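Just below is one structure, and these are the notes that go with it.
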Amino acid sequence: MTLTAFQRDVYKWVQQIPRGKVMTYAQIAHALGMPQAMRAVGNALNKNIFFDVPCHRVVRSSGNVGGYAWGTDKKIAVLRKEGVRVNGEYIDLKLYGARKHS
DNA sequence: CTAATGACCATTA
DNA sequence: ATAATGGCCATTA
């Protein structure tokens with residue numbers, strides 16, 4: 001597996017998300033200096049399965065948990081396990097949104 | 001090079 | 001609340 005520079009940057013940020021907190025795709029894209037690359041971010045995360053990246057802590061801006069390579073239900077399960085309250089498929093970003101830091 | 005794809009987003013109805 | 005639409009971007013075929 002070869003990683004592109006973009007993917008490395010994405011993983012770099014995702015790894016900084018503390019346990020029990022989440023970050024949105026848009027936030028990460030913004031942190032990379034590409035506020036409109038949220039779609040590409042999701043794409044990059046889709047291939048992280050071989051790496052050690054807590055991709056389950058990345059959700060949609062709407063609060064919806066978003067997708068997951070191994071199934072959305074799995075994603076929700078892991079989040080709950082970390083102490084995140086999940087209502088249906090939604091999360092309260094006010095409570096669990098991680099603040100970005102450089 | 002071009003074209004298609006997708007773990008998205010904001011707007012609109 | 002849901003559904004459809006256009007846009008954006010890196011990656012891959």
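Being a predicted model, the structure only gives us computed values, none of them experimental. Naming: A, B, ... by sequence-line order, numbering from 1 per chain.
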* Asked: Any side-chain heavy atom of A:Asp92 within less than 4.5 Å of one from A:Arg85?
  -> no
* A:Gln7 vs A:Lys47 side-chain heavy atoms within contact, under 4.5 Å -> yes
* Which whole-number value in Å describes the distance from A:Lys47 NZ to C:dT12 C1'? -> 7 Å
* Which of parallel (below 30°), tilted (30 to 60°) and perpendicular (above 60°) describes A:Phe51 and A:Tyr11? -> tilted
* **Rounded distance (nearest 0.5 Å) linking atom OH of A:Tyr25 with atom CG of A:Leu45** => 6.0 Å
* Close approaches to DNA chain C from residues 24-43 of chain A, in residue order (heavy atom, under 4.0 Å) -> A:Met34, A:Gln36, A:Ala37, A:Arg39, A:Ala40
* Asked: Could you give the CZ-to-P distance, from A:Arg60 to B:dT11, as a whole number of Å?
  -> 16 Å
* Asked: Could you spell out the base pairing of DNA chain C in dot-bracket, with Watson-Crick or G-U pairs whose two distances are under 3.5 Å, [ ] crossing and | to another strand?
  -> .||||||.|||||
* **Contact check, side chains of A:Arg57 and A:Cys55, non-hydrogen atoms, under 4.5 Å** => no
* To do: Decide whether A:Val78 and A:Val53 are clustered together by the hydrophobic rule: side chain heavy atoms of Ile, Leu, Val, Met, Phe, Trp, Tyr closer than 4.5 Å, transitively.
  => no
* How would you label the contact of A:Asn64 with the nucleic acid (heavy atoms, under 4.0 Å): base, sugar-phosphate, or nothing? -> nothing
* Structure fact -> OH of A:Tyr90 to OG of A:Ser62, rounded to nearest 0.5 Å, is 5.0 Å
* ILVMFWY network linking A:Leu95 to A:Val86, side-chain heavy atoms under 4.5 angstrom -> yes
* Does the side chain of A:Val58 come within less than 4.5 Å of A:Ile17's, by heavy atoms? -> yes
* Asked: Between A:Glu82 and A:Lys21, is there a side-chain N and carboxylate O pair less than 4.0 Å apart?
  -> no
* To do: Would you confirm whether A:Lys75, through its side chain, and A:Val65, through its main-chain N or O, come within 3.5 Å as a donor-acceptor pair?
  => yes
* Of residues 67-90 of chain A, the positions that come close to DNA chain C - non-hydrogen atoms, cut-off under 4.0 Å -> none
* To do: Using atom OH of A:Tyr11 as one end and atom P of C:dA10 as the other, report the distance to the nearest whole Å.
  => 15 Å
* A:Arg8 CZ - C:dA10 P separation (whole Å) -> 15 Å
